[in-house]
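Treat the numbers as computed from the prediction; the structure is a model and nothing was measured. Convention: sequence-line order gives letters A, B, ...; per-chain numbering from 1.
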Amino acid sequence: MSDRYEPASFEAKWRQRWKDADLFRTRTDPDAPKFYGADFFPYPSGAGLSVGHCRNYVPTDVICRMKLMQGYNVLHPMGFDAFGLPAENEAIKHKTHPAPMIKSYAATYRRQMELVGISYDWSRSFSSSDPEYYRWTQWIFELLFKRGLAYRSMAAVNWDPVDKTVLADEEIVAGRAERSGALVEKKWIPQWFFKISDYAQRLLDDLDELDWPEGIKSQQRNWIGRSEGVQFSMVIADSAAPDEVSEDGFAVKNSRGALAFDVFTTRIDTVFGMTFCVLAPEHPLLERILRGVDEVHAESVRAYQLRAKTLSDIDRLATNREKTGVFTGAYAINPANGAKVPIWVADYVLATYGTGAIMAVPAHDERDFEFAKKFGIEVIQVIAPTDGAQVKLPFIAKDGVLVNSGEYSGMPVFESMTALGIWIEGLGIGERKVQFRLRDWLISRQRYWGCPIPIIHTKDGEMQLVPQDCLPVELPMVDEYEPSGDGTSPLAHIPDFVNTTDLDGRLGQRETDTMGGFACSSWYFLRFCDPSNKTEPWNFDKAKYWMPVDCYVGGAEHAVMHLLYARFWTKVLYDAGLVTVKEPFARLENQGQVLAQTPYRYPRVDEKLEVGEEGVLLSFVDAAKLPEEDIFYRWARMSKSKGNVVTPEDAVGGYGADALRMYLLFVAPFNADVQWSNEGMQGQVRFLSKIFKLIDESKAFYVPEWKGLVGFEELDSVAREVRRKTHKTIRKATADIDRFAFNTYVSSMMIFVNELTDLVQRNKANPSRAFALTLSEAIESLIKMLSPSAPHSADELWTTLGHKGFVVNEVWPTFVSELATDDLVTVAIQVNGKLRDTIEMDAAATNEELEAVAKSLPKVQSHLEGKTIRKVIVVPRKLVNLVAS
RNA sequence: GCCGGGGUGGCGGAAUGGUAGACGCGGUGGUCUCAAACACCAUUGGGGUUAAACCCGUGCGGGUUCGAGUCCCGCCCCCGGCACCA
């Protein structure tokens, strides 16, 4: 063996041996505890992996490998999220079919993951586009359908004109499609939804029990958006008794013989301050209202509605946009005081939230205030600070009392909210209600490359589920699958697919929309528990054994999409008695990104930069051609488009797989971004070389049977020191891996190696028996602790100590508290809280001894001169503070 | 605006209320080499000193405490998310 880390000479050899030994096949020892560690289901892009992806996979691998050594049955699977837009778009670009393309991309991913030495059990791998998998995705769809949680309805949905499909709300960011960047248009077409809104409260409540980053939990809470308030009916003044009117979730009621509409408010305490109402331009009652007003008002409302319709979401939702609106000519009655208030139409009220209509209280709401000011509407203050002080309107705060509010005047705000809610309920015109922002999950896509929805439309317009023994509804293999753009799926144009017979043997038509990719990734972690089951999605007992995922690792960008959907499906499956957990992922960790130096040049005079761009992106080749002063470098996320990618092949070829792994672990806290540097990689090469050198120098003293002997040996002070450092490091490294503090785990090994190297240098000329025994324990422990992060090197070093087999099959070292305890400690001596000296003391020294020694120190005495000691604080083994004045 | 996370040497970052800056990168000086690269040794918060002593230092201002990077109050700045959600 070399006394240096020379990866080219052994890393590939070990990877082959692991493979030959089928080392990472999931063990199911009935007496062992389980550990399920998983990475987010990746889409295998044609660009392959960068070292950035390894930042996700390596840490999960480290904790899984440690758990293996600690005797757990470890489930550490990997598969591919192959269905969906990214795959299809890439296939179209390359004029190929997504199925073979994805297969080859996934093979590349696997090869790269293996190159880095990740311990996946590949026998459990699958792709979401495998018929044996999506058969069960369809099976779960049918379960949702039967439970009333999958429905088809007409809706104004987000249409992405670039990707030519509809998208879920979660995929829209500020009016643009997150993926394509296209401005989203509204389209009114029938779509499939999952009724996630039924689970809003549970999705909110159960967050509390999860060991997840606070930021992700808070994002989910915001997205679910629970608010408590009162919903009540407003009667339209002088309106004739209408026929029954009710449409699409809008509460348009026949109430007391007049037209009426519902409003939702979280500030019922301000109801006496209502000076107008606003309906969303899309509000269905407007049609009726306009019949009862004069033509001038009706015309202006219609014109306004038309304008609102053509306005894109991005314009409409632009912040700080001036409020617009028109008066309808109609009035509503404030139920609190009988006042007639004008009804306006304005697009600052959203049709999709609450009832699409509000009571406006300009004195206590910024938006209403702005609107009232612009249109000269009255402002009536009904809340005042408790101390009666004058306040500037709008006054939003809730700490105050009601004024100008009839019999409720003088009542504190919070008390009045309950009182007025009860009063409204007593009147029978409304109720206290909880409103959620979360809307149903739009799941259908007008694209080819997705899981077909297993529905047959019959001649009479009924919908039937494809019988379970006929699943999967297979995606037909066709050459032409590009999106049509007319709002129908490519599948709609394949007669062989569409035309079928229904359950009664009559002609029927298949549903042609496919499911969005997020459906497929909402249950894959269950399939990993039992991936080759031919008769059911998973065996109940196997899922019961492995679930939940104990540690789930991936990027923060899935905070509200995948993670919310997967939680929802898990709860539905729980309700159906198919799984025993209410939550799929007990612990979640988000890795930071890997950034690379990326060259830009300053824009030329005639160039305009995109918003957010700092300069013009350059390739490294182009950057080399330009004069230095024209170029600047920025840290940017590694991506193919930026040309700054370092691949695992680059890193492993240049420095070694173990160096790459150690670097990614050490360079920054797990959840922080990393600035990639070759110097940092070289640092890990140096560290690994130090270990090889240490083992090379120590192996002469190595006693394989140390464990049975060390207890009988009288330990000298050097041997005690070796043991102490060993057990301290075990304690630190184990705890650090468990808490995802991989940087300090590596650091603790560096400290250990430096200390051992020192001890070996000082004692190698004349080593005692005790030293040899404790050193044997030390280097064995070191190799074991190293093995999760640098598995190739660990196995190589293990062999040089004369062992056979793999370190991952060894038992993770445990520490003994007494052995990790110092018998000599450094005590800090302070005068008035300022450090003046430190002393070495026996750890067993009493407080009195410490105090006496502290007082006797010259450096201390010079600071005590002319002062009287008022107080002495002694922290055993740590510190003495003399308080003097 | 609201929610979440942060602010510590030249850089990445360590620090259960108890010696701030572990560990590493980079820098400086040296060894090896014909030379370079690699490697190895020493040193490295700022001021101050021949050296020490000593002084200053964890975004800013207050507070609690024998003692605050850490706890409390009020600000400033950065990152991420949401954003007319009534």
Pairing residues for A:Y565 by the ring-ring contact (aromatic ring centres under 6.0 Å, His included) criterion, not counting sequence neighbours:
A:W441, A:F518
Figure out the CD/C1' separation between A:Q830 and B:rA20, and round it to whole Å.
12 Å
By nearest nucleotide on RNA chain B, pick out whichever of A:V349 and A:N881 is the more 5' one.
A:N881
Which is true for A:V875 with a 4.0 Å heavy-atom rule: it touches a base, it touches only sugar-phosphate, or it touches nothing?
base
Is the A:F371-A:F276 ring centre distance short of 6.0 angstrom?
yes
Classify the nucleic acid contact of A:R836 as base, sugar-phosphate or nothing, counting any heavy atom under 4.0 Å across all strands shown.
sugar-phosphate
Under 3.5 Å, N/O pairs linking protein and nucleotides 2-5 of chain B:
residue : atom : partner : partner atom : Å
B:rC3   : O2'  : A:S218  : OG           : 2.8
B:rG4   : O4'  : A:S218  : OG           : 3.4
B:rG4   : O2'  : A:G215  : N            : 3.3

For A:Y304, the ring-ring contact (aromatic ring centres under 6.0 Å, His included) test, sequence neighbours excluded, returns none
Nearest non-hydrogen partners of A:A668 and A:D673, listed with the distance:
CB-O, 4.0 Å
Would you mind classifying the nucleic acid contact of A:K323 as base, sugar-phosphate or nothing, using non-hydrogen atoms under 4.0 angstrom?
base
Return the residues of residues 860-874 of chain A meeting this criterion: a heavy atom under 4.0 Å from some atom of RNA chain B. Order them by number, or give none.
A:H863, A:K871, A:I873
Is the A:W344 ring parallel, tilted or perpendicular to the A:F375 ring (thresholds 30°, 60°)?
tilted
Anything below 3.5 Å on both distances counts as a pair; with that, list the stems of at least three consecutive Watson-Crick or G-U pairs involving RNA chain B.
B:1-7 with B:76-82, B:10-12 with B:23-25, B:26-31 with B:39-44, B:45-47 with B:54-56, B:59-63 with B:71-75
Should the ring pair A:H558 and A:H562 be called parallel, tilted or perpendicular, given that the plane angle runs from 0 to 90° and is split at 30 and 60?
perpendicular
P spacing across the pair B:rU8 / B:rC55, given as an integer number of angstrom
26 Å
Based on the glycosidic angle (syn within 90° of 0, else anti), state the conformation of B:rG10.
anti
All ring-ring contact (aromatic ring centres under 6.0 Å, His included) counterparts of A:F414, not counting sequence neighbours
none
Measure from the side-chain heavy atoms of A:K732 and tell me the nearest of B:rG67, B:rA15, B:rA86.
B:rA15
Interatomic distance, A:N590 CG vs B:rG6 P [rounded to whole Å]:
13 Å
Nearest-neighbour nucleotide for the A:T265 side chain, B:rA15, B:rA86, B:rC66 considered
B:rA86
Without decimals, in angstroms, what is the distance between A:R637 CZ and B:rG80 C1'?
14 Å
Taking the minimum atom-to-atom distance to the side chain of A:E679, which one of B:rG18, B:rC25, B:rG13 wins?
B:rC25
When the distance from CG of A:L879 to P of B:rU19 is rounded to whole Å, what number comes out?
7 Å
Non-neighbouring partners of A:D368 that pass salt bridge (charged side-chain N to carboxylate O under 4.0 Å, His left out), sequence neighbours left out
none
Write down the distance separating the C1' atoms in B:rG61 and B:rC77, rounded off to the nearest Å.
15 Å
Measure from the side-chain heavy atoms of A:P669 and tell me the nearest of B:rC84, B:rC66, B:rG13.
B:rG13
Could you check whether A:R739 gets within reach of a base, just the sugar-phosphate, or nothing at all, counting any heavy atom under 4.0 Å?
sugar-phosphate
Test of understanding: with salt bridge (charged side-chain N to carboxylate O under 4.0 Å, His left out), list the residues that count as partners of A:D736, not counting sequence neighbours.
A:K732, A:R739
What pairs of nitrogen or oxygen atoms, one from the protein and one from nucleotides 43-52 of chain B, lie under 3.5 Å apart?
none

Expressed in angstrom and rounded to an integer, what is the separation of A:Q231 atom CD from B:rA86 atom C1'?
12 Å
Expressed as a whole number of angstroms, how long is the span from A:N832:CG to B:rC55:C1'?
17 Å
Counting only non-hydrogen atoms, which of residues 680-689 of chain A are less than 4.0 Å from RNA chain B?
A:Q682, A:G683, A:R686
Could you state the CE-C1' distance from A:M750 to B:rG12, rounded to the nearest angstrom?
12 Å
Atom pairs and distances, donor-acceptor, side-chain atoms in residues 877-885 of chain A, under 3.5 Å, two or more places apart:
residue : atom : partner : partner atom : Å
A:N881  : OD1  : A:N832  : N            : 3.4
A:N881  : OD1  : A:G833  : N            : 3.0
A:S885  : OG   : A:R870  : NE           : 2.8

Taking the nucleotide of RNA chain B with the closest heavy atom to each, which residue, A:S227 or A:V827, is nearer the 5' end?
A:V827
Options B:rG13, B:rC23, B:rC82, nucleotide nearest the side-chain atoms of A:R437:
B:rC82
If the condition is side-chain hydrogen bond (donor to acceptor under 3.5 Å, both in side chains), which residues does A:N678 pass it with, not counting sequence neighbours?
A:W676
Whole angstroms only, please: what is the CZ-P distance between A:F742 and B:rG24?
20 Å
